[in-house]
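Every chain is numbered from 1 and lettered A, B, ... according to where its sequence line falls, protein lines coming before strand lines. Just the heavy atoms: all of them, side chains too, but no hydrogens, waters or symmetry mates, feed the values below.
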Amino acid sequence: MKYSFLEIEKKWQKFWSDNRIYEVKNSSTKPKFYVLDMFPYPSGAGLHVGHPLGYIASDIFARYKRHKGYHVLHPQGYDSFGLPAEQYAITTGQHPKKTTSDNIEIYRSQLDRMGFGFDWSREIRTSDPEYYKWTQWIFILFFNSYYCPFDNKAKSIDNLIELFKSEGNLKFKSFLSSDDMIFDSKDWNNFKKESKSKILMSYRLAYLSDGEVNWCEELGTVLANDEVINGFSERGGFLVTKKRIKHWCLRISKYAERLLSDLESIDWPEPLKEMQRNWIGKSKGVSVKFKVDGLKKNIEVFTTRPDTIFGTTFLTVAPEYDLLNELTTKENEAKVNDYLKSISGKSELERISDIKSVTGVFTGSYAIHPFTLEKIPIWVSDYVIASYGTGAVMAVPSGDQRDYDFANKFGLEIKNIFKGIDISKSAFEEKSNFILENSDFLDNLSFSEAIDKIISEIEKKEIGKSKIQYKLRDAIFSRQRYWGEPIPIYYIDGEPNTLNLSDLPLELPEVDNFLPTKNGDSPLGNSKKWAWDIRNKNVVQNDLIDEKNVFPLELNTMPGWAGSSWYFYRYMDSNNKDSFASKDAIEYWQRIDLYLGGSEHATGHLLYSRFYQKFLFDLNILPVNEYASKLINQGMILGNSSFIYRERGTNNFYSKNLIKNKKVDKIRIDISYVDIENKLDIDNLKNSNKSFSDSEFYSENGSFIVEREHEKMSKSKFNVVNPDDICDQYGADTLRMYEMFLGPIEQAKPWSTRGISGVYSFLKKFWNLFFLNGEFQVSKDSPSDESLKILNQTIKKVSNDIEKFSLNTCISSFMICINKLSEEKCNSESVLRPLLILISPFAPHFAEELWSLMGNKKSIVDEPFPTHNESILIESQKLYPVSFNGKTRFTINLSLDLNNEEIEEIILNDDQTKKYLDNRKPKKIIIVKGKIINIVV
RNA sequence: GCUUCGGUGGCGAAAUUGGUAGACGCGCUGGAUUCAAAAUCCAGUUCCCUUGGGAGUGUGGGUUCGAUUCCCACCCGAAGUACCA
């Protein structure tokens, strides 16, 4: 019988879904295991062979764990809100609701063909109101919480209000930027409602801010820092500028230290942890106050190099610095204003490309150096960032290259404080190998001596204190877009109020026009029905807004990561109407045991979701403070793009090896016109693409050869390979195994359809072991010793490899095994039975079919995973004399384990050797080609 | 610039973590089967002279009886990040 994968796969997929084989309950006597893939955006282009790589790996692992006796949760869903989904809808001119559900249907049919064991009864979609109800609920929790610095966790804002009522905010003194903000309980009780609201806003974990944000005009929305790459939007690659706009933020910065230190407790890839550490950007330093000459104000600077304080020759403040107005003298006012104007129009990109050109102006004011009491000028420059540190720096040209360049450009003093070090060409930035000079009481000290001394001096004089600074900024939460969760806030007299849980979900309104606007007005404003009636608890029409009980709703929506920051908990109990997941379900599943996804989410989803986790943990809603104990980043599968060469200025195309001495342009063409040997189907290309109909094609040796190049697989690069096509030609099981066989899971690797035949013929060979003269036949006879040995070797290797997640070498072991068994002509049931269970995570349809042909009534998925018998693998050995280090010892052919009882049979015919071994009690001897090469003691 | 990860045949890659480098697969070469093709099977395939040797894991050093593996310096590639004081 032939291996007809098409029939087999269809049959078993139906069987699985009819019998709900992959649905799991929220309780079991077995130990639990939760395997999760990062859920996809249903993007419209459908899946290509690169997408399922991670799903296949996690599916194999989930199935393996199930064989191992675990109760495995392995769900799937869709991240269907957000920019990518909406951009697709806009470019195709359809409503995002429609494109989203259409795309999901395509995704689902493609996923189903590959035989994944997902529990689809738990499917979620972030754009489903029943889901985003809870996304909104979490936002309300953020709004109603503050971060308590004493208990180091989030708490209800009500606690804070109580505290203010009874004792004011004196306790928070050290967290306030100025002493003006201190109030006592009497003050608080006398404050007007608006003042109270404003004060509370500066403590809430979700808060309104009107600072500068990353604005992308083309996308018509504000973006968070991780969504901007080199001045362009991550999605679409559009220019990003700075803009002042009122927006919601999440106070993730309060969690910086915990996000950083808890990285130690999770088994995530080191490079990814490193990316998060860099993003959080912790640095230790000191803040120092400089008195402003003639003004009763201080400028506080932050520095990590207080040891260089005597090299300070000027101060620089950011253009957005609070006191800049006061610092600017009359004479310099025009200059400063001109300067501010000149940089305000700059886009993020211009600021980046301008790094080398130093700009800035003198404010006219001077500061007093706290130790030398010298007058030093105060400048303003955009190389100082307002949102980092204090927005002001002490400039030490001799010790910092930026200060050095600035001083050079504007002719400011450069004072060398490093003994014997030449700073005529550049600043000296090292933190070692120097002794200070011109530094008063720090003279002749090294870096570590100086830094300790100066910190204690600064603290003694009470002009500053040690400080830890993070790069991590609060996350901008508002999006001026349609396709996202509405923010459950309505405004009374401009003050935000939250909806109640019972009012949720606040559903996305139907609008006439959902397109984003260039001026930043949210499309939700285009709705006729979009205001909140607090008495009837429902959304009502705009024109009733003037009525006493009807108030305008927030028009911005949430960012894409709002829904994806907590979704892994919804899977635990996805149909729950009363809570985002029941206590029991959360208590049972706890957290993800294995999470798979791409490393591109390192500073986005993977950071935000850790933040959400810690927040919900603080409120006792979740039981653990990290949600994924192990994470694996799967690498990308690269496409194999094809190009043809056109002679410049002509319409002539040349085969790859005919372009010598010609000026040519590379033209990208769809890989469907190119065969496996890189030959172009010219007629097909000309017929289906009019722009080539008049072109001349010059072939070599009768064929036209194209250029090939590996790059990211994407529809726009015409290099996608559809998994459906591979399933049609070779079957899902072959595709699954081949994708794993390509190389290590974490690595980027090029796709090549050519290599798939190896895996395909492996499965056919395996299949044929079960058949004799076309008839299914499995022997009851006991297998040969050789077959048993092969089986046991394979079980050992495969188990080890799956545990290590080395799935490519795992498949190699299968191939070796089947090749040997074919040679042995082994069809013994006691060998084939365990082998089927072994292969079933990789090729589930294949295994089920043969399993049932063997007469088993139940699905193979719950069969216990075979274990190997070590004693079968060890052979008795004899030792022979051999020379080692010039002395005669003994020899064997293989390494062996001396702990094993087989040691008894070793003949030691050399007294010296025997003594040597008796003394050392070696565990293992390795001998190669008659020479001892290792004795493991 | 900084951080991280890599560099092994024509290609994707293995190497029990210091022990016969190149397992397994693709491709290629030759052969069998076939009217023929597909499929299948057998043999060979790191490189160089070839009876037999010699060289070989980016380059140059070092440790070791022994190094793809450990240490130092350098070269190349990929990813992340960048006026963060």
Side-chain angles (χ1 to χ4, degrees), chain A residues 2 229-230 269-279 281-283 285-287 301-306 308 312 315-316 318 351-352 354-359 381-385 387-396 399-403 405-406 429 469-473 599-600 602-603 633 635-636 676-677 737-738 741-744 746-762 764-765 768 796-797 800-801 804 806 808-819 822-823 884-886 893 895 924-936:
Chain A
K2 261 182 67 184
I229 293 167
N230 285 335
E270 199 47 44
L272 190 140
K273 287 190 187 181
E274 198 57 33
M275 276 157 79
Q276 292 208 345
R277 285 188 199 112
N278 287 340
W279 191 260
K282 179 179 184 173
S283 51
V286 187
S287 68
V301 302
F302 174 74
T303 177
T304 54
R305 294 293 305 277
T308 64
T312 309
L315 299 188
T316 317
R351 278 181 86 139
I352 287 166
D354 271 1
I355 277 175
K356 292 213 173 62
S357 69
V358 182
T359 62
S381 170
D382 70 345
Y383 86 83
V384 178
I385 299 171
S387 51
Y388 183 77
T390 58
V393 299
M394 58 176 223
V396 184
D400 185 294
Q401 192 58 43
R402 292 156 304 176
D403 298 339
D405 295 340
F406 197 84
E429 293 189 308
Q469 189 66 45
Y470 301 91
K471 279 197 266 186
L472 186 68
R473 316 284 162 80
S599 60
E600 68 272 20
T603 53
N633 290 131
M636 231 183 320
I676 217 158
E677 250 129 26
M737 293 196 81
Y738 183 56
F741 185 63
L742 276 175
E746 309 90 344
Q747 216 164 84
K749 49 215 165 255
W751 174 264
S752 143
T753 303
R754 212 170 199 179
I756 201 168
S757 63
V759 175
Y760 183 51
S761 54
F762 154 75
K764 279 192 291 190
K765 223 186 252 182
N768 286 333
K796 184 177 181 180
K797 187 78 180 11
N800 282 341
D801 284 349
K804 282 192 312 192
S806 173
N808 54 330
T809 56
C810 206
I811 291 169
S812 295
S813 311
F814 278 125
M815 288 175 169
I816 295 167
C817 172
I818 297 307
N819 281 342
S822 301
E823 235 170 78
F884 171 54
N885 273 0
N893 293 324
S895 67
K924 199 176 179 187
I925 303 176
I926 298 170
I927 295 174
V928 173
K929 282 184 183 166
K931 285 182 182 170
I932 296 178
I933 50 179
N934 194 23
I935 297 182
V936 182

| remark: Of A85(B), C28(B), U40(B), the nucleotide closest to the side chain of K764(A) is U40(B)
| query | Is the distance from OP1 or OP2 of G25(B) to the nearest side-chain N or O of N819(A) less than 4.0 Å? | reply | yes
| R305(A)/E429(A) ion pair, N-O < 4.0 Å | no
| remark: Applying side-chain contact (heavy atoms from CB on, under 4.5 Å) to N278(A) and not counting sequence neighbours gives E274(A)
| task | Using heavy atoms to find the nearest nucleotide of RNA chain B for A392(A) and K804(A) separately, return the residue whose nucleotide is more 5′. | result | K804(A)
| field | Nearest-Å distance for atom pair NZ/P, residues K765(A) and U40(B) | value | 9 Å
| request: Indicate yes or no for a side-chain donor-acceptor contact from D403(A) to the backbone of V396(A) under 3.5 Å, with no hydrogens or angles considered. | output: yes
| said: Just confirming the chi classification of G12(B), syn or anti, using 90° around 0 as the syn window. | reply: anti
| said: Can you tell me if Y383(A) touches the phosphate of A85(B), counting only side-chain N or O atoms and a distance under 4.0 Å to OP1 or OP2? | reply: no
| query | Which parts of nucleotides 4-14 of chain B does protein reach within less than 4.0 Å, heavy atoms only, written one letter per nucleotide 5' to 3' as B for base, S for sugar-phosphate only and - for none? | reply | S-------BSS
| task | Report the distance from atom CG of L272(A) to atom P of U3(B), rounded to the nearest whole Å. | result | 19 Å
| Can you check the Y760(A) OH to C26(B) P distance for me, whole Å? | 14 Å
| task | Kindly write out the residues that satisfy side-chain contact (heavy atoms from CB on, under 4.5 Å) with S757(A), not counting sequence neighbours, or none if the list is empty. | result | none
| remark: Comparing G389(A) with I811(A), nearest RNA chain B nucleotide closer to 5' gives the residue I811(A)
| task | Sort by first number and list every stem of RNA chain B: at least 3 consecutive Watson-Crick or G-U wobble pairs, both distances under 3.5 Å. | result | B:1-7 with B:75-81, B:10-12 with B:24-26, B:27-32 with B:40-45, B:46-49 with B:52-55, B:58-62 with B:70-74
| remark: Rounded to whole Å, the CD-P distance (E600(A) to U81(B)) equals 12 Å
| request: Check for a donor-acceptor pair, side chain of T603(A) on one end and backbone N or O of W279(A) on the other, with a separation under 3.5 Å. | output: no
| request: Mind jotting down which residue pairs meet the salt bridge (charged side-chain N to carboxylate O under 4.0 Å, His left out) criterion with at least one end in residues 747-761 of chain A? Sequence neighbours excluded, please. | output: E677(A)-R754(A)
| Which pair of heavy atoms, one from K471(A) and one from Y388(A), lies closest together, and at what distance? | CG-CE1, 3.9 Å
| field | Touch class at under 4.0 angstrom, heavy-atom based, for S387(A) against every strand present | value | nothing
| query | Stepwise, does the side-chain hydrogen bond (donor to acceptor under 3.5 Å, both in side chains) test hold for S812(A) with T809(A)? | reply | CA-CA 5 Å; S812(A) 295; T809(A) 56; over 6 Å; no
| Glycosidic conformation of U17(B), syn or anti, with 90° from 0 as the boundary? | syn
| query | Among all residues two or more places apart in sequence or in another chain, which pass the salt bridge (Lys or Arg N to Asp or Glu O under 4.0 Å) test with K797(A)? | reply | D801(A)
| field | Rounded distance (Å) that lies between atom P of A79(B) and atom CG of N278(A) | value | 17 Å
| note | Sorted by chain and residue number, the salt bridge (Lys or Arg N to Asp or Glu O under 4.0 Å) partners of D405(A) (sequence neighbours excluded) come out as none
| field | Inter-nucleotide C1' distance (U59(B), G77(B)), Å rounded | value | 15 Å
| A13(B) versus U64(B) - spacing of their P atoms, nearest Å | 35 Å
| said: Rounding to an integer number of angstrom, what distance separates U69(B) and C48(B) when you compare their C1' atoms? | reply: 27 Å
| query | Rounding to the closest angstrom, what is the interatomic distance between U45(B) and C26(B) at atom C1'? | reply | 13 Å
| said: Could you work out, with salt bridge (Lys or Arg N to Asp or Glu O under 4.0 Å) as the rule, every residue matching K764(A), not counting sequence neighbours? | reply: none
| request: May I have the distance from I756(A) (atom CD1) to G25(B) (atom P), rounded to whole angstrom? | output: 16 Å
| request: Give S752(A) one of three labels, base, sugar-phosphate or nothing, depending on what nucleic acid heavy atoms sit under 4.0 Å from its own. | output: nothing
| task | In whole angstrom, give me the gap between the C1' atoms of G22(B) and U33(B). | result | 32 Å
| task | Return the nearest nucleotide to the side chain of I816(A); candidates are U40(B), C28(B), A23(B). | result | A23(B)
| query | Separation of K2(A) atom NZ from A39(B) atom C1', in whole Å? | reply | 10 Å
| request: Take atom CD of E429(A) and atom P of C83(B), then tell me their distance rounded to the nearest Å. | output: 15 Å
| request: Between G80(B), C24(B), C26(B), spot the one nearest the side chain of S757(A), thanks. | output: C26(B)
| remark: Residues at least two apart in sequence or cross-chain that pass side-chain contact (heavy atoms from CB on, under 4.5 Å) with M275(A), listed by chain then number, are A602(A)
| request: Quote, to the nearest angstrom, the P distance that separates U3(B) from U20(B). | output: 35 Å
| If you measure from the P atom in U16(B) to the same atom in C83(B), how many Å do you get, rounded? | 43 Å
| Shortest side-chain distance from R754(A), nucleotide among A85(B), C41(B), C28(B) | C28(B)
| Using the P atom in both, what is the distance from C5(B) to U40(B), to the nearest Å? | 43 Å
